[in-house]
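Notes follow once the structure below has been shown.
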Amino acid sequence: MPIALIDCNNFFVSCERMFNPELEGKPVVVLSNNDGCAVARSNEVKALGIKMGEPWFRMKDIAKQHGIIALSSNYALYGDLSARVMTALAEFSPQQEVYSIDECFLDLSSFDPDTLSDYGQKIRETVKRNVGIPVCVGIADTKTLAKLANYCAKKGLAGKNGVCDFGLLNDKQCSELFASIPVGEVWGVGRKMTESLAKLKITTVEDLRCASPEYLRQQFSIVLVRTVNELNGIPCIELEEAGTPRQQIMVSRSFPAPISALDDLSESVACYTTRAAEKLRRDASVATSLCVFIQANPFKENEEQYSRSLVVPLIQPTDHTGRLVNAALSGLKSIYKPALRYKKSGVLLMGLHEKGASQRTLFDGPAEQSRSDKMMYVMDMINQKIGKDSATVGANGTRQQWAMPKEQKSSSYTTVW
DNA sequence: ATGCTCCTGCGAA
DNA sequence: CTAACGTTCGCAGGAGCAT
């Protein structure tokens with residue numbers, strides 16, 4: 001039954017350090033889009049007390065004081081290195097679930113349970129040697145426990161050398177360990193849930209593990225009951241192997257400066273819809289409806305707040321950029337309110353299903369269908385070969401003044417010549 | 001009473 | 001000098017509506 005959770009250490013920072021070893025041993029943060037806030041921190045930065053998601057402008061003083069190096073995020077690089085890590089890890093088990101850009105689960109049930117700790121060491125060493133990224137390994141009987149074991153490995157609370165196997169602990173050791181960990185560290189327990197649980201005197205992992213499932217079900221949702229079962233070694237969350245396509249596709253961005261004109265908003269929405277449509281076709285899916293949204297800056301408390309979204313049904317399920325853009329722009333028009341300072345817009349493709357399974361309408365015969373398919377195919381090929389947005393729809397505009405600069409981005413070492 | 005869509009909130013990385 | 005706060009996904013559950 002054992003499952004391993006392998007998580008890369010400070011992943012984005014580790015990626016940057018691979019290609020710029022001068023960053024080794026120095027305090028480094030990677031910033032989100034728009035160089036807005038910290039999305040990855042080196043250990044040196046964590047030691048300074050800088051939190052995940054901290055806005056860059058608010059830590060600039062400490063940054064200057066301690067010589068923190070701030071880098072813009074380079075998702076092409078991280079995505080490529082992630083793929084290499086996952087490929088290396090896949091060698092260690094017949095079953096792998098890639099859970100996020102920097103972590104995956106491996107089913108270890110076919111291996112000798114007595115030597116899993118050594119196996120974890122081998123995993124760690126292999127990824128470090130073959131790819132160059134440091135990882136930690138947590139091993140336990142359920143996914144939730146494996147995540148907790150990984151947390152212990154990272155913090156050095158149990159296990160050794162970045163590997164923690166709960167299978168080596170007896171009941172008493174487990175209880176003591178869990179009693180020392182805040183309940184908010186449990187997978188699925190976030191900020192709000194931590195607050196609610198605190199009112200019921202549940203503050204540690206051990207408190208939650210020993211709580212009555214019936215009582216929790218009555219107070220909260222079924223999700224928390226599953227979490228408690230998993231903490232007790234009863235698997236409730238299956239390992240999901242790749243293959244199931246997404247149910248939604250979201251593309252949204254904040255603007256570096258507020259915009260007010262419908263024309264500018266329209267350009268942004270058209271561009272995001274174009275990106276979303278490309279993802280849709282890559283998944284070989286079609287959308288049946290689309291949600292467009294715009295919002296003011298929620299951090300500006302003295303400015304007028306505004307946040308609207310609208311679902312636009314699509315007459316015919318489609319993956320066609322032009323049709324999706326038309327739908328998005330018509331939706332935008334009806335939620336747009338003039339003279340407001342907008343900070344963000346976005347598009348959500350919904351009701352996705354497999355393309356082949358879609359029905360045709362009365363109006364589009366097979367001929368029109370295949371002609372528009374060909375056009376999208378050609379457009380995708382041109383953009384893949386010549387570069388992003390070589391061919392696109394006119395609505396996207398050419399100025400794109402609402403788009404974001406990246407001040408400190410590293411080179412695309414592994415993906416662009 | 002039942003089931004659907006839309007929308008919001010929460011949690012995760 | 002000032003102002004500068006991410007993105008994408010899934011799930012749960014309530015409101016509103018239709019049957």
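Letters A, B, ... are given to chains in the order of the sequence lines, protein chains preceding strands, and every chain is numbered from 1. Excluded from the calculations below are hydrogen atoms, water molecules and symmetry mates; all remaining heavy atoms, backbone and side chain alike, are included.
Legend: residues meeting ring pair (Phe, Tyr, Trp, His ring centres under 6.0 Å) with A/Phe166, ordered by chain and number and at least two apart, are A/Phe178. For A/Glu303, the side chain to side chain contact (heavy atoms under 4.5 Å, CB included) test picks out A/Lys300, A/Arg341, with sequence neighbours left out. In this view, A/Met193 and A/Val189, A/Leu197, A/Phe220, A/Leu224 satisfy the side chain to side chain contact (heavy atoms under 4.5 Å, CB included) rule, not counting sequence neighbours. Residues satisfying the side chain to side chain contact (heavy atoms under 4.5 Å, CB included) test with A/Thr288, not counting sequence neighbours, are A/Pro317, A/His353.
Residues from residues 39-64 of chain A that place a heavy atom under 4.0 Å from any atom of DNA chain C, listed by number: A/Pro55, A/Phe57, A/Arg58, A/Lys60. Annotation: proximity of residues 325-347 of chain A to DNA chain B (heavy atom, distance under 4.0 Å) is found for no residue.
Atom CG in A/Asn297 sits roughly 13 Å away from atom C1' in C/dG6 (whole-Å rounding). The distance from atom CZ of A/Phe293 to atom P of C/dC9 is 12 Å, rounded to the nearest whole Å.
Side-chain atoms of A/Glu214 and A/Ser212 include a donor-acceptor pair closer than 3.5 Å. If you check the side chains of A/Arg209 and A/Ser175, you find a donor sitting under 3.5 Å from an acceptor. Residues A/Thr144 and A/Thr227 bring no donor and acceptor atom of their side chains to less than 3.5 Å of each other. Using a 3.5 Å distance cut-off with no hydrogens or angles, the side chains of A/Glu16 and A/Tyr78 do pair a donor with an acceptor. Between A/Arg308 and A/Gln295, the side chains place no donor N or O within less than 3.5 Å of an acceptor N or O (distance only, hydrogens not considered).
The side-chain hydrogen bond (donor to acceptor under 3.5 Å, both in side chains) analysis of residues 120-133 of chain A, with sequence neighbours excluded, yields no pairs. The stretch residues 146-166 of chain A participates, sequence neighbours left out, in these side-chain hydrogen bond (donor to acceptor under 3.5 Å, both in side chains) pairs: A/Asp7-A/Lys154, A/Glu103-A/Lys147. Applying the salt bridge (charged side-chain N to carboxylate O under 4.0 Å, His left out) definition to pairs two or more places apart or across chains, those involving residues 312-321 of chain A are A/Asp319-A/Lys355.
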message = Does the protein touch nucleotides 10-19 of chain C at the base, only the backbone, or not at all? Give it as B, S and - per nucleotide, heavy atoms under 4.0 Å.
response = BSSS------
query = Going 5' to 3' along nucleotides 2-13 of chain B, which nucleotides have protein heavy atoms under 4.0 Å from the base (write B), which only from the sugar-phosphate (write S), and which from neither (write -)?
reply = ----SSS-SSSS
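Taking 4.0 angstrom as the limit, A/Asn34 places none of its side-chain polar atoms (N or O) nearer than this to OP1 or OP2 of C/dC5. In this model, the phosphate group of C/dC5 is not approached by any side-chain N or O of A/Ser32 to a distance below 4.0 Å at OP1 or OP2.
Nucleotides B/dG11 and C/dG6 are separated by 16 Å at their C1' atoms, to the nearest Å.
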Using a 3.5 Å cut-off and no angle test, enumerate the donor-acceptor pairs between side-chain atoms of residues 49-71 of chain A and protein atoms at least two apart in sequence or in another chain.
from, atom 1, to, atom 2, distance (Å)
A/His66, ND1, A/Ile62, O, 3.2

